[in-house]
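What follows is one structure encoded as structure tokens, with my remarks underneath.
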Protein chains: 2
Amino acid sequence: MEYTVQKLGRLAGVSSRTLRYYDEIGILKPARINSSGYRIYGKKEVDRLQQILFYRELGVDLNCIKEIVTSPTFDAGSALREHHQKLLEKRKQLDMLIANVEKTMAWQEGRIEMKDQEKFEGFKRQLVEENEKKYGKEVREKYGDETVDRSNRKMMNMSQEEYDETMRLAEEITDVLAEAVRTGDPAGELAQKAAALHKQWLMFYWDDYSPEAHAGLAQMYVDDERFTAYYDKKQPGAAKFLRDAIHIYTGIQK
Amino acid sequence: MEYTVQKLGRLAGVSSRTLRYYDEIGILKPARINSSGYRIYGKKEVDRLQQILFYRELGVDLNCIKEIVTSPTFDAGSALREHHQKLLEKRKQLDMLIANVEKTMAWQEGRIEMKDQEKFEGFKRQLVEENEKKYGKEVREKYGDETVDRSNRKMMNMSQEEYDETMRLAEEITDVLAEAVRTGDPAGELAQKAAALHKQWLMFYWDDYSPEAHAGLAQMYVDDERFTAYYDKKQPGAAKFLRDAIHIYTGIQK
DNA sequence: TATTGACCTTTACGTTACGTAAAGGTGTAG
DNA sequence: CTACACCTTTACGTAACGTAAAGGTCAATA
């Protein structure tokens, strides 16, 4: 049950250099040093290395791993449950990639059409997975899985032109919104134009628009600091302002 | 259908720096440079980027990717089929990791036993996956799926002590073999000792030893350059010598 | 027309997680 | 007593970008 660097390395499938490096940065210290200065690892270290490798597999950098595993509140059990969750997500993403390859093969054989954006499905953690990760939970909680799935489906089926149009609209919204904020009047013409544009944009993603849901989303822009940050980036206070404008536009207060 | 660095980056989920870097190392050149010196990418570049990202996802380093995609014999179709194959393998490995987490959770709750080596299943590309990849196909062809599966199963169920013993035996084989090679006599005492040790080692993996299979494996050590390289590393000619010794030991020529 | 501000450019140094080589001590088998 | 496979530390190298600096481009706005 005692291992030297190379033996533990062979066991875990990492190099001895890696283990020395992990010792150096304080992420995995050997149980003891023998009389000749050799690093000797025991049972506890084996388990710790396993944890480290799980995190590494998930792309966590060693600095973060260090903070996690050296934390006094570190709980191996909950960490494992988290690993499990993340690995399942990763498999989902892998499945998307596989679907992508199959689709691309069909496209190459001329059997189907394929838009540029579709060619990167599964790669784009930030647009699909990351987006889902960041906002997905809350959005799913507030609007239900069905709405979100439908929205994603709709986006997948958008043509390049439609997609470009949503991008253009999103830009126009922030532009008009920034200008409207400077008028200071959420009931004014510019503010109402921004709200209308926002509705148009939204209708690309929702196939059943309702003023209630629109007003609810506007409120979320304020409640959720990540949305707030997005809109406030160009103009501080823009998120709140947009909410007010939409509440007036829809005639609904949340 | 024309993209600047940032637009293509957003489309594919990579940074603009990445695209400039890919230009720099000659892996993905823009379709043209406009009058202001901007990089402009077109349809062909989109497809090529997709191919690059597939390779990247599979852990191929950019140098290799460059050689692959710039090769005049590069065929996108067969590349895609290869991607598909590799991605399926990756998913298999991911499933092993997930199984590992589940097992570890059960172990933590005291519901099952778990050996140290089991804790790294799914990580060890080189021992299980890599091994299977390198030798698996040929071995499965020559000995059948059943033998290989049984062998893997047997290895999985080995105790730590048994596992250590196989390691020790493997070392002893190469040692004795190297010495035997220097005698030059495959029928000599040392050579026959090496063959006997090799049988012992083999019996840890096969549960029904037969001289025929043993002789066949010995022949494969010579036929397959990767096995040859392993045995010849310590002593040139060791693989051939071992085959001869085993053929004498078993009394069977292949 | 001048000024933002978000784009783009090149140059260049920084970073992560090790690989690899050098120079030297250790331990055991022949 | 010599080989040889281990171990050690020190230190420089590397891949694939990230990031910052210094500056040109372009469309919209004051």
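Reminder, nothing fancy here: chain letters follow the sequence lines and each chain counts from 1. Everything numeric in this text was worked out from a predicted model, so none of it was measured.
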Query raised in the report: Does K119(A) pair with D116(A) as a salt bridge, N-O distance under 4.0 Å?
Result: yes
Report summary line: Taking for S15(A) and for Q6(B) the nucleotide of DNA chain C with the nearest heavy atom, the one nearer the 5' end belongs to Q6(B)
Report summary line: Atom CG of N34(B) and atom P of dT25(D) are separated, to the nearest Å, by 11 Å
Query raised in the report: If you take all heavy atoms of P30(A) and R39(A), which pair is closest and at what distance?
Result: CG-CG, 3.7 Å
Query - From dT8(D), dC17(D), dC7(C), nucleotide with atom closest to V5(A) side chain - result: dT8(D)
When you compare the protein's N or O atoms with those of nucleotides 22-25 of chain C, which come within less than 3.5 Å of each other, and at what distance?
unit_1	atom_1	unit_2	atom_2	d
dG25(C)	N2	Y38(A)	OH	3.1

**Report entry** Minimum-distance nucleotide (side-chain atoms of R39(B) versus dC6(D), dT8(D), dT10(C))
**Finding:** dT10(C)
Query raised in the report: Roughly how many Å is it from CD1 in I52(A) to P in dA17(C), rounded to a whole number?
Result: 12 Å
Requested in this report: Could you walk me through whether R56(B) and V14(B) pass side chain to side chain contact (heavy atoms under 4.5 Å, CB included), step by step?
Outcome: CA-CA 12 Å; R56(B) 193 180 70 165; V14(B) 301; 3.9 Å; yes
Query raised in the report: What does S16(B) touch in the nucleic acid at a heavy-atom separation under 4.0 angstrom: a base, only the sugar-phosphate, or nothing?
Result: nothing
Query raised in the report: Counting only non-hydrogen atoms, which of residues 58-69 of chain A are less than 4.0 Å from DNA chain C?
Result: D61(A), L62(A)
Query raised in the report: Nearest heavy-atom pair of A191(A) and A245(A): which atoms, and what distance?
Result: O-CB, 3.8 Å
Query raised in the report: Whole Å only: how far is the CD atom of E2(A) from the P atom of dC7(D)?
Result: 14 Å
Query raised in the report: To the nearest angstrom, how far is I27(A) atom CD1 from dC18(C) atom C1'?
Result: 13 Å
Report task. Name every residue in residues 17-24 of chain B that has at least one heavy atom under 4.0 Å from any atom of DNA chain C, in order of residue number, or write none if there are no such residues. Result -> R17(B), R20(B)
Report task. Check V5(A) against R20(A) and note the closest heavy-atom contact, atom names and distance. Result -> CG2-NH2, 3.9 Å
Query - Worked verdict on I27(B) versus I52(B) for side chain to side chain contact (heavy atoms under 4.5 Å, CB included) - result: CA-CA 8 Å; I27(B) 207 175; I52(B) 291 170; 4.2 Å; yes
Requested in this report: Give a yes-or-no answer on whether the side chains of H83(A) and E57(A) include a donor-acceptor pair shorter than 3.5 Å.
Outcome: no
Query raised in the report: Do N100(B) and E118(B) have a side chain donor and acceptor closer than 3.5 Å?
Result: no
Query raised in the report: Think T4(A) has a side-chain N or O under 4.0 angstrom from the OP1 or OP2 of dC7(D)?
Result: yes
